[in-house]
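What follows is a short report on a single structure.
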Amino acid sequence: MARKTMIEAIRDAMDVSMGRDERVIVFGEDVGFFGGVFRCTAGLQAKYGKSRCFDAPINESGIVGAAIGMAAYGLRPCVEVQFADYVYPGYDQIVSEAARLRYRSNGDFTCPIVVRMPSGGGIFGGQTHSQSPEALFTHVSGLKVVVPSNPRDAKGLLIAAIEDPDPVIFFEPKRLYNGPFDGHHKRPVTPWSKHELGEVPDGHYTVPLGKAAIRREGSDVTVLAYGTMVYVAEAAAAETGIDAEIIDLRTLLPLDLDAIVASVSKTGRCVVVHEATQTSGFGAELATLVQENCFYHLEAPIARVAGWDTPYPHAQEWDYFPGPARVGRALVETMEA
Amino acid sequence: MARKTMIEAIRDAMDVSMGRDERVIVFGEDVGFFGGVFRCTAGLQAKYGKSRCFDAPINESGIVGAAIGMAAYGLRPCVEVQFADYVYPGYDQIVSEAARLRYRSNGDFTCPIVVRMPSGGGIFGGQTHSQSPEALFTHVSGLKVVVPSNPRDAKGLLIAAIEDPDPVIFFEPKRLYNGPFDGHHKRPVTPWSKHELGEVPDGHYTVPLGKAAIRREGSDVTVLAYGTMVYVAEAAAAETGIDAEIIDLRTLLPLDLDAIVASVSKTGRCVVVHEATQTSGFGAELATLVQENCFYHLEAPIARVAGWDTPYPHAQEWDYFPGPARVGRALVETMEA
Amino acid sequence: MTDTGMLRFHVPEPEVRPGGAPDFSNVPIPRAGSVPRPEIDVDPREIRDLAFSIIRVLNRAGEAVGPWAGLLSDEELLEGLRHMMTLRAFDARMQMAQRQGKTSFYMQHLGEEAVSCAFRKALAPGDMNFPTYRQAGLLIAGGYPMVTMMNQIYSNEADPLKGRQLPIMYSSKEHGFFSISGNLATQYIQAVGWAMASAISGDNRIAVGWIGDGSTAESDFHAALVFASTYKAPVVLNVVNNQWAISTFQGIARGGSGTFAARGLGFGIPALRVDGNDYLAVHAVAKWAIERARRNLGPTLIEHVTYRAGAHSTSDDPSAYRPKAESDAWPLGDPVIRLKNHLIRLGVWSEERHAQAEAEILDTVIAAQKQAEEHGTLHSGNKPSTRDMFEGVYEQMPPHLRRQRQQAGV
Amino acid sequence: MTDTGMLRFHVPEPEVRPGGAPDFSNVPIPRAGSVPRPEIDVDPREIRDLAFSIIRVLNRAGEAVGPWAGLLSDEELLEGLRHMMTLRAFDARMQMAQRQGKTSFYMQHLGEEAVSCAFRKALAPGDMNFPTYRQAGLLIAGGYPMVTMMNQIYSNEADPLKGRQLPIMYSSKEHGFFSISGNLATQYIQAVGWAMASAISGDNRIAVGWIGDGSTAESDFHAALVFASTYKAPVVLNVVNNQWAISTFQGIARGGSGTFAARGLGFGIPALRVDGNDYLAVHAVAKWAIERARRNLGPTLIEHVTYRAGAHSTSDDPSAYRPKAESDAWPLGDPVIRLKNHLIRLGVWSEERHAQAEAEILDTVIAAQKQAEEHGTLHSGNKPSTRDMFEGVYEQMPPHLRRQRQQAGV
Ligand SMILES: Cc1ncc(C[n+]2csc(CCOP(=O)(O)OP(=O)(O)O)c2C)c(N)n1
Ligand SMILES: Cc1ncc(C[n+]2csc(CCOP(=O)(O)OP(=O)(O)O)c2C)c(N)n1
Ligand SMILES: [Mg+2]
Ligand SMILES: [Mg+2]
């Protein structure tokens with residue numbers, strides 16, 4: 001089994017899918033000849049030809065809208081939005097069209113598309129290369145929302161997403177592309193080649209949408225996280241010595257509520273973490289579900305650690321990013337509450 | 001003091017604002033000569049001229065984008081999006097531009113715009129004339145989000161919004177335009193002329209953004225609601241005989257957390273209601289804030305009553321709409337929990 | 001700073017408003033037959049003029065003249081007339097049904113029947129339309145059952161869309177009719193995507209986009225033109241210029257360009273204007289554009305010049321914003337009357353047969369309506385179940401929806 | 001169905017890729033001085049040709065020729081040269097500073113200096129630009145302090161934007177420079193809105209929109225053209241066609257239209273193409289368009305034909321997608337060298353003075369840099385405070401942000 005970076009794993013997922021199914025096509029800004037600004041599609045045009053992997057005009061609404069038409073035709077487009085921060089011009093097509101097509105036509109037309117996009121901060125990308133807009137999609141019925149946290153999952157989830165009969169929004173935490181980043185930005189990052197989850201099976205496999213993974217078993221407190229925050233939570237647990245159970249949600253919609261409820265019922269405490277701004281972030285849904293389903297098990301308020309409710313700043317990146325110190329503090333407070 | 005419908009009150013707010021301040025201008029699809037499909041701007045073009053109230057091309061991104069440019073110039077545009085369901089093409093301009101302008105330019109440029117739009121269901125408008133997308137805006141730092149529930153507030157809040165130095169998203173629950181609708185769709189609706197809150201003061205006044213109103217004092221359970229759901233909650237309380245304290249939030253962002261905490265600390269129970277789909281709706285933020293701030297006062301899980309997580313259906317409108325029966329059931333369950 | 005005085009704000013206005021006398025004398029109407037028919041593989045740059053003219057076939061005398069004439073047999077023309085008459089009768093009945101409270105909403109085609117009816121006959125099986133809400137002629141002329149349309153309008157138990165969609169938001173893959181969206185313009189770029197997919201797949205089916213004059217202002221119109229131009233997609237892009245977008249006259253969307261077809265010029269896309277009230281002209285231009293697409297010559301933009309004689313929808317009252325008589329003053333006449341007169345001129349039709357056909361068609365529509373109403377109307381009779389409301393959000397119902405369905409007790 | 005065989009998918013490709021020999025012989029370059037200068041109030045329909053030509057003033061011999069020549073004095077030209085040289089030196093230093101880790105990111109103008117520097121000189125005080133990230137010449141030529149620009153790039157304690165924005169995303173209302181957004185095209189319609197506001201207010205200031213070739217594909221480009229066309233907004237809409245959008249050649253955004261200026265034709269907006277590497281031509285065309293706007297004659301679209309000689313940004317390596325020598329083969333030359341040669345030809349400049357000016361300018365830039373670095377760089381020295389991060393989201397900090405600031409302990 002080869003070790004791969006997350007970029008390689010994502011590319012591999014598209015490669016495997018294109019190889020197995022002629023209907024799978026890939027396009028987006030700079031994804032054709034060049035292979036994408038993060039190189040996730042490098043080599044695909046050379047391998048599968050310009051008809052199946054090509055450059056798109058800079059128009060996110062056009063990219064998603066064309067993909068919807070293609071999906072209605074019978075293809076399975078997997079398109080890239082260059083940064084999650086640039087998905088908004090395509091938001092109408094996603095919300096009003098992709099998400100509604102099956103329902104409004106009673107299955108006469110369907111929309112099996114994947115919209116991939118790098119998300120999250122930690123790369124000094126400022127307000128337009130750092131956003132985590134997942135909650136803007138989890139509110140939309142008809143969509144599925146996926147956030148992988150490692151190469152092995154990324155490949156399996158992306159193949160599952162491409163094969164899924166419904167539209168999937170696929171966030172790629174860009175800070176994880178090259179290694180599991182735990183928020184200690186002054187320390188060198190371990191590359192994926194040194195991490196167990198950098199081991200990516202060859203060929204076809206899927207990681208099912210809607211199933212969480214327990215990254216660390218523990219009995220003191222449940223941490224709900226996804227993407228980069230999984231590693232931040234691991235670091236915080238290690239540093240505080242708190243025996244946290246860390247759940248990597250992987251899919252936000254549909255959500256693996258059973259895994260969450262089982263864990264919180266056991267620990268009686270819960271901390272929710274994400275990079276996105278706090279107010280109306282996906283953490284609110286998680287906290288609400290936990291209190292709805294585990295109220296009588298809860299021994300302390302559910303804590304949220306999230307991005308502050310400001311645009312993502314440039315210079316103050318590490319004041320903004322919810323790093324291990326803030327998560328650790330929340331763990332301690334939750335244990336002491 | 002004249003009795004006014006909500007439409008008249010909203011029109012009055014624009015009229016008063018345009019009369020007092022030359023910088024206030026109004027535009028949108030069909031808002032000029034005709035006065036808007038709901039007639040909210042009727043008469044304003046005749047009174048203030050075509051330069052201050054005019055028809056816009058059907059391009060929501062253009063409407064918001066032009067308004068941002070005008071605001072940067074120094075005007076105070078108050079624009080209409082014909083239905084909240086059609087705001088998505090303008091979403092990028094709102095999220096990436098209006099909401100960020102002050103921050104990213106450190107106040108060099110600001111964006112005092114109001115984006116008004118009719119929202120909510122109950123009019124057999126199907127999936128594209130019924131949506132309540134407020135949670136897609138409450139997640140965006142830099143915006144203010146307002147949902148009035150009666151003519152008196154609507155006028156005062158809209159004037160406050162127009163005078164506010166920051167961008168305000170102003171939802172108008174269209175089912176309330178002509179009277180307080182409590183979800184009993186088979187009964188005739190009381191017109192505003194018969195309702196106390198239909199009394200709208202003449203001339204200039206404001207209802208401050210960020211302040212909730214207690215619509216019904218009670219000691220059993222706190223109901224957090226806004227827009228149409230305020231009346232549904234009132235009906236549910238009356239019908240179940242539960243002594244609910246009903247808070248009309250009026251402004252969702254910034255939120256009057258003090259009022260909420262004071263009430264829940266007193267009642268120990270809380271039900272959150274909204275029309276929007278449940279998952280990642282604004283109810284999630286409310287429930288989370290309540291459990292964060294009132295955990296030790298809570299005697300029962302916080303219940304949510306919301307739109308189901310489906311697109312808004314046409315024929316099944318009253319199965320979808322969270323009416324008094326569903327809210328009543330939640331009240332009873334919360335009391336019995 | 002050069003002192004050039006004060007700037008003034010310009011807002012275009014229609015020539016007349018209620019109370020005024022309608023006047024279309026400034027709308028240049030070329031003679032029927034006067035516009036040339038270019039070769040199918042013409043260089044778009046050579047036909048820029050066609051974006052500023054109007055292709056017409058039927059003249060005032062009811063004759064079919066010029067290079068765009070001669071494509072349809074008498075039988076085909078008679079069928080076309082029947083389609084338009086059927087659509088008009090259908091509209092009238094459904095409009096009435098809405099007034100009777102049998103459904104919530106309706107939108108009619110009055111005056112615009114030729115556009116979708118004639119276009120449909122130029123398409124081949126398998127081609128896909130991405131319509132707006134004002135092209136039901138594509139279904140009528142395509143043989144889609146009227147009863148099914150009515151079931152959808154009534155949101156009754158037999159509604160193929162299970163009551164989920166607004167009335168008239170039909171969908172039929174089988175009949176080459178993409179699910180209508182209430183959101184304007186979104187489907188235009190989807191049509192281009194579908195066409196790209198057909199080309200990617202080495203298929204020979206083409207796509208057809210539809211949009212209203214007002215909606216061309218929407219940004220997805222641009223997305224569609226950019227993608228169509230860049231990838232030479234096999235798509236026909238129709239703009240139905242019926243002069244009004246609810247209360248807003250076409251000048252607000254069009255601005256200084258003179259015509260909507262002109263928008264194609266900036267993309268190197270051949271752009272034609274056609275008399276949308278002339279069944280023969282619409283059909284001929286459609287054929288031309290469809291052949292271009294199918295021969296891999298790329299997209300064509302067609303502006304159908306017509307007039308929305310009725311209200312925008314059952315929620316609208318046009319007397320508030322335009323003179324009542326404007327519709328009668330419209331210089332391109334009525335599509336049904338014009339085709340009727342042509343057929344009479346050809347000697348294959350008469351006023352009597354027309355009156356008789358009208359009555360027959362009405363009977364058919366009424367019979368269909370009766371059949372549909374046996375399945376219920378919006379507020380009475382059988383309806384789609386509440387369970388249906390939870391189905392089809394995804395292919396497989398996820399756990400949270402299953403829980404919600406349980407909560408709903410269904 | 002007509003059997004017309006299989007459709008084929010078309011994806012435009014640049015003529016050469018790395019490894020190939022650059023060849024611009026198919027790019028038609030009109031002779032300098034050959035394009036007429038229309039009257040300021042010309043009917044746009046009469047100058048459609050200008051969207052397919054290139055207005056040029058400086059010929060190969062370094063002479064200024066034709067009807068667009070003669071607007072600038074020797075002093076003004078010398079100043080223009082200095083601005084371009086300053087921008088180039090500034091870019092070189094900041095590019096290096098980024099490589100040295102003093103900031104996170106930089107974007108340079110190499111080869112495109114004439115566009116923003118010359119345009120700026122045609123504007124009047126109070127006019128407002130809505131720039132992209134590649135028009136810093138507007139600031140340099142407008143006298144905005146270089147040190148302040150650098151403070152922004154370094155996100156240091158003196159950064160006027162308090163460290164909140166990515167490097168080079170300047171903002172200066174005072175200097176007629178709207179806050180740059182990282183999102184493409186959004187600012188184009190905002191420029192139109194600003195211009196509409198000026199007209200509504202009876203002002204005489206005009207707005208200027210800026211966009212790249214690739215970004216014209218974005219939908220807000222359409223919004224801008226629709227609004228500008230409809231309301232005849234006093235705005236100049238610039239498209240900087242530097243041939244590339246990151247790795248994507250201009251053909252993907254442009255499609256079959258031939259030029260980007262052509263987009264204006266569909267809106268009845270006068271559209272001109274200008275040699276973007278010719279300081280005099282850019283300035284002359286800018287003057288023409290600005291006068292139109294200020295005289296209430298409405299919008300103008302200008303395509304500046306230039307070439308991005310450098311990488312897209314410090315994150316980009318163009319050798320992966322285009323031949324290294326492509327930049328040298330670019331037929332419109334280098335704007336600095338062309339203006340230098342013209343001034344030498346005029347007898348007011350020399351190679352020696354040029355070399356000397358280069359050295360002086362470098363000194364000035366280095367001095368500014370030193371001054372800026374005293375206030376810190378991204379990772380060292382003083383920085384904007386964490387408190388600043390919470391300020392300015394709203395005019396008044398709402399309670400929830402105040403609580404968060406407390407939690408952050410600042
Ligand atoms: C995105 C969006 N914005 C606004 C509307 C509201 N709306 C419905 S129809 C209409 C007018 C459309 O006019 P036009 O495109 O000319 O089509 P017509 O009705 O004349 O056929 C408007 C503004 C909508 N449906 N979608
Ligand atoms: C909405 C949006 N989509 C994508 C991007 C990513 N992006 C940044 S620059 C760029 C290329 C722009 O090319 P062009 O408009 O030609 O300008 P140039 O860089 O050549 O000056 C892209 C795709 C973005 N910033 N915003
Ligand atoms: Mg219309
Ligand atoms: Mg470019």
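Source: prediction; values computed, not measured. Every chain is numbered from 1, with letters handed out A, B, ... down the list of sequences.
- For B/Gln131, the part lying under 4.5 angstrom from a heavy atom of chain A is the side chain only.
- Cation-pi geometry between B/Arg326 and B/Trp308 is satisfied (NZ or CZ under 6.0 Å from the ring centre, within 45° of the ring normal).
- In this structure, the portions of A/Thr138 lying under 4.5 Å from any heavy atom of chain B include both its backbone and its side chain.
- Of the atoms belonging to A/Phe295, it is side-chain heavy atoms, and not backbone ones, that fall under 4.5 Å from chain B.
- With hydrogens and angles left out, the side-chain atoms of B/Ser132 and B/Ser119 include no donor and acceptor closer than 3.5 Å.
- Aromatic pair A/Phe171/A/Tyr226: ring centres not closer than 6.0 Å.
- For A/Glu134, no part lies under 4.5 angstrom from a heavy atom of chain B.
- Donor-acceptor pairing under 3.5 Å is recorded for the side chains of A/Asp309 and A/Thr279.
- Proximity to chain A is limited to the backbone of B/Glu299, based on heavy atoms less than 4.5 angstrom apart.
- Interatomic distance, SG of A/Cys111 versus CD of A/Gln93, reported as 9.0 Å (0.5 Å rounding).
- When each of B/Ala135, B/Pro301, B/Ser141 is scored by its heavy-atom pairs under 4.5 Å with chain A, the top score falls to B/Pro301.
- For B/Thr310, the parts lying near chain A are the backbone and the side chain together; criterion is any non-hydrogen pair under 4.5 Å.
- Chain B forms the most heavy-atom pairs under 4.5 Å with one residue out of A/His139, A/Arg104, A/Glu60, A/Arg304, and that residue is A/His139.
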### Task
List the steps, then state whether ring pair (Phe, Tyr, Trp, His ring centres under 6.0 Å) holds for B/Phe137 with B/Tyr91.
CA-CA 9 Å; B/Phe137 297 92; B/Tyr91 194 66; 5.4 Å; yes

### Query
Does the salt bridge (Lys or Arg N to Asp or Glu O under 4.0 Å) test come out yes or no for A/Arg102 and A/Asp166, once each step is laid out?
CA-CA 8 Å; A/Arg102 174 189 295 280; A/Asp166 287 303; 2.8 Å; yes

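- Of the atoms belonging to A/Tyr86, not a single heavy atom falls under 4.5 Å from chain B.
- Looking at A/Gln127, the atoms closer than 4.5 Å to chain B (heavy atoms on both sides) all sit in the side chain, from C-beta outward.
- One side chain, B/Thr288 or A/Thr288, offers a donor N or O that lies under 3.5 Å from an acceptor on the other.
- Heavy atoms of B/Leu298 lying under 4.5 Å from chain A belong to its backbone as well as its side chain.
- Contact of A/Ile94 with chain B is not made at all, since no heavy-atom distance falls under 4.5 Å.
- The one candidate from B/Phe321, B/Tyr320, B/Phe83 that meets the ring-ring contact (aromatic ring centres under 6.0 Å, His included) condition with B/Tyr312 is B/Tyr320.
- Annotation: maximal heavy-atom pairing with chain A below 4.5 Å, among B/Ala287, B/Pro311, B/Pro133, occurs at B/Pro311.
- Using modelled atom types, no side-chain atom of A/Thr277 and backbone atom of B/Val140 make a donor-acceptor pair closer than 3.5 Å.
- By number of non-hydrogen pairs under 4.5 angstrom with chain B, the leading residue of A/His314, A/Glu285, A/Gln278, A/Arg100 is A/Glu285.
- With respect to chain B, the highest number of heavy-atom pairs below 4.5 Å among A/Ala300, A/Ala303, A/Cys294, A/Gly283 belongs to A/Ala300.
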